[in-house]
Protein chains: 2
Amino acid sequence: MSPTIKVLLAEDQSMVREALAALLGLEDDIEVVAQVARGDEVLAAVREHAVDVALLDIEMPGCTGIEAAAQVHRSLPAVKLVVLTTFGRPGYLRSAMEAGADAFLVKDAPAAQLAEAVRKVLAGERVIDPTLAAAALAEGANPLTDREREILRAASDGSTNAELAKTLHLSQGTVRNYLSTAIQKLAVRNRAEAVRIAREKGWL
Amino acid sequence: MSPTIKVLLAEDQSMVREALAALLGLEDDIEVVAQVARGDEVLAAVREHAVDVALLDIEMPGCTGIEAAAQVHRSLPAVKLVVLTTFGRPGYLRSAMEAGADAFLVKDAPAAQLAEAVRKVLAGERVIDPTLAAAALAEGANPLTDREREILRAASDGSTNAELAKTLHLSQGTVRNYLSTAIQKLAVRNRAEAVRIAREKGWL
DNA sequence: ACTGCCGTATGACAGATGTCATGGCGACGG
DNA sequence: CCGTCGCCATGACATCTGTCATACGGCAGT
């Protein structure tokens, strides 16, 4: 009796995106009504196509799927949000939830979970991998301040202190202080490790 | 008249893998007869299912799709090899070709190219993105020696010189020398940048 | 009002990192 | 058999990084 579920797919790699569309197309009750390749095109497309469920990849040009989720959640709170990602990083889960996501799936989960998640969120359920949820809770919140995160992100391409100081309009000493505190908070021994760990946890 | 083309799909993320299978399943002349999630399972599966074309992702546990391609190429040279990857790194293309690949596709190409590539390689054609091919040629070969690559790879997680020396059974000075020459060859200013650049080019 | 915490800054110090010159050893090509 | 190259090593030097103590203004919570 119910009409088909209208789904939007946001994913930057077209081959993956179209493959997921093919997968969902096999389901009778689901219809992919829109596809976008950039985070910043999500909101408009959701509006235009009266989407029921938006399926969002995190890593996208324009803006991340998490940011896109937040935008949609603010403007159109009725739209259900499924966040889909390659990396099961606890920090991602946390921020996705804070952005109003209804489901959080990792791409190495079985494909059947995708359609299932779409149906469940529409029924008002939340879908979260319990292992990941546990990890997210166990690990605690991001200990880094905004500025520390920003400097760490800027340092992640191998820039030197002098370059960082210039681009961030800070003194060189300040840059070192921030990196130093970040290194200590993450309990590592240099900036490279700090970047790696923060990335892994989804804190960058 | 010709029987269906038997395809093996190797890709570690099950959602993507099954989605690609769904996509290829839409084609009448193609049949996905095997799916594996690890590089080191490819060869056995190709043998077992008398596969015509193997579709290999590069980033996989066990071994990379490129290594798997080389194995298949050596043992069963009649099997056609399509390498599929997220990252259009020229160095990847180069090594894929050296491993005997018949096609090289990036995941952000349109989905239609996938089935098309399968048919073309079976017809004896090679399928390569011309832009990428140009980039691979323009950039030249990997200037790093085996050892330099190895040390750079080991250093990429933020290990310190002392740790590298220990795990690689080298003197600390030697480690520094290798990193220094790698840094110079890549025309960068520190190991972090060296790692980044080498990664980008697919030289790691 | 007082107490944190954040952002910013400085100066000093120790230790890590990058560079350079130099050497030995083995393999491979001319 | 000689030159070149890759691999490994040492020592010396300059620079970059990480740590610590200290400071000041702002802003939030008690």
Side-chain angles (χ1 to χ4, degrees), chain A residues 91 94-95 98 139-204, chain B residues 91 94-95 98 139-204:
Chain A
R94 184 181 294 268
S95 16
E98 284 166 6
E139 143 183 305
N142 189 339
L144 304 174
T145 68
D146 285 356
R147 212 62 177 132
E148 284 159 1
R149 227 187 351 270
E150 215 173 317
I151 276 115
L152 205 51
R153 216 180 303 129
S156 68
D157 64 352
S159 299
T160 147
N161 283 335
E163 289 167 342
L164 292 173
K166 197 160 296 172
T167 62
L168 296 165
H169 308 289
L170 289 174
S171 95
Q172 229 184 96
T174 306
V175 170
R176 291 199 286 166
N177 286 341
Y178 280 133
L179 286 172
S180 180
T181 60
I183 286 166
Q184 291 182 300
K185 285 181 179 178
L186 299 175
V188 293
R189 273 189 314 305
N190 56 50
R191 62 182 70 191
E193 265 189 331
V195 167
R196 189 170 60 84
I197 297 295
R199 277 253 169 74
E200 269 174 26
K201 305 231 182 190
W203 287 344
L204 255 196
Chain B
R94 183 180 293 267
S95 17
E98 283 166 5
E139 143 183 306
N142 189 338
L144 303 174
T145 69
D146 285 357
R147 213 64 175 127
E148 285 159 1
R149 227 187 351 270
E150 215 174 319
I151 276 117
L152 204 52
R153 215 179 306 129
S156 67
D157 64 351
S159 298
T160 150
N161 283 335
E163 290 167 341
L164 292 173
K166 197 158 296 173
T167 64
L168 296 165
H169 308 291
L170 288 176
S171 94
Q172 228 184 98
T174 306
V175 171
R176 291 198 287 170
N177 286 341
Y178 280 132
L179 286 171
S180 180
T181 61
I183 286 167
Q184 290 181 299
K185 285 182 179 177
L186 299 174
V188 294
R189 273 188 314 305
N190 56 49
R191 61 182 72 191
E193 263 188 332
V195 167
R196 189 170 60 84
I197 298 296
R199 277 252 168 74
E200 270 172 26
K201 305 233 181 186
W203 285 345
L204 257 198

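Residue numbers start from 1 in every chain, and the chains themselves are labelled A, B, ... in the order their sequence lines are given, proteins ahead of strands.
Note: CD1 (Ile183(B)) to P (dC16(D)) measures 13 Å, nearest angstrom. Rounded to whole Å, the distance from CG on Asp146(B) to P on dC8(D) is 11 Å. What separates CD of Gln184(A) from P of dT17(D) is a distance of 17 Å, to the nearest Å. Leu179(B) places its CG atom 16 Å from the C1' atom of dC20(C), with the value rounded to the nearest Å. At whole-Å resolution of the value, CD in Glu193(A) and P in dT17(D) are 16 Å apart. Taking atom CZ of Arg176(B) as the reference point, atom P of dC16(D) lies 15 Å away to the nearest angstrom. Atom P of nucleotide dG18(D) and atom NZ of Lys185(A) are separated by 16 Å, given to the nearest angstrom. Spacing between atom NE2 of His169(A) and atom P of dA9(C) amounts to 11 Å, rounded to whole angstrom units.
In this structure, CG on Leu168(A) lies 6.0 Å from CZ on Arg147(A), to the nearest 0.5 angstrom. For the atom pair CZ (Arg196(A)) and CZ (Arg191(A)), the distance works out to 16.0 Å, reported to the nearest 0.5 Å. Put simply, OG1 on Thr160(B) and CD on Gln172(B) are 6.5 Å apart, with the number rounded to the nearest 0.5 Å.
Distances shown here put every side-chain N or O of Thr160(A) at or beyond 4.0 Å from the OP1 or OP2 atom of dC16(D). Between Arg191(A) and dG18(D), a side-chain N or O to OP1/OP2 separation shorter than 4.0 Å is present. Distances shorter than 4.0 Å separate none of the side-chain N or O atoms of Thr174(B) from OP1 or OP2 on dC7(D). Side-chain nitrogen and oxygen atoms of Gln172(B) include none within less than 4.0 Å of the OP1 or OP2 phosphate oxygen of dT17(C). Listed pair Asn161(B) / dA16(C) fails the phosphate criterion, with no side-chain N or O lying under 4.0 Å from OP1 or OP2. Taking side-chain N and O atoms only, Ser171(A) has a distance below 4.0 Å to OP1 or OP2 of dT10(C).
Of the possible donor and acceptor atoms, one in the side chain of Asn142(B) sits under 3.5 Å from a partner among the backbone N and O of Trp203(B). Between the side chain of Glu193(B) and the main chain of Arg189(B), a donor-acceptor pair closer than 3.5 Å is present.
Within 4.0 Å of Arg147(A), counting heavy atoms only, lie sugar-phosphate atoms of the nucleic acid but no base atom. Residue Thr145(A) is in sugar-phosphate contact alone, with no base atom involved, counting any heavy-atom pair closer than 4.0 Å across all strands shown. Nucleic acid contact for Asn177(B): base, since at least one base atom lies under 4.0 Å from a heavy atom of the residue.
Checking Gly173(A) against Leu170(B), the closest nucleotide of DNA chain D that is more toward the 5' end is the one next to Leu170(B).
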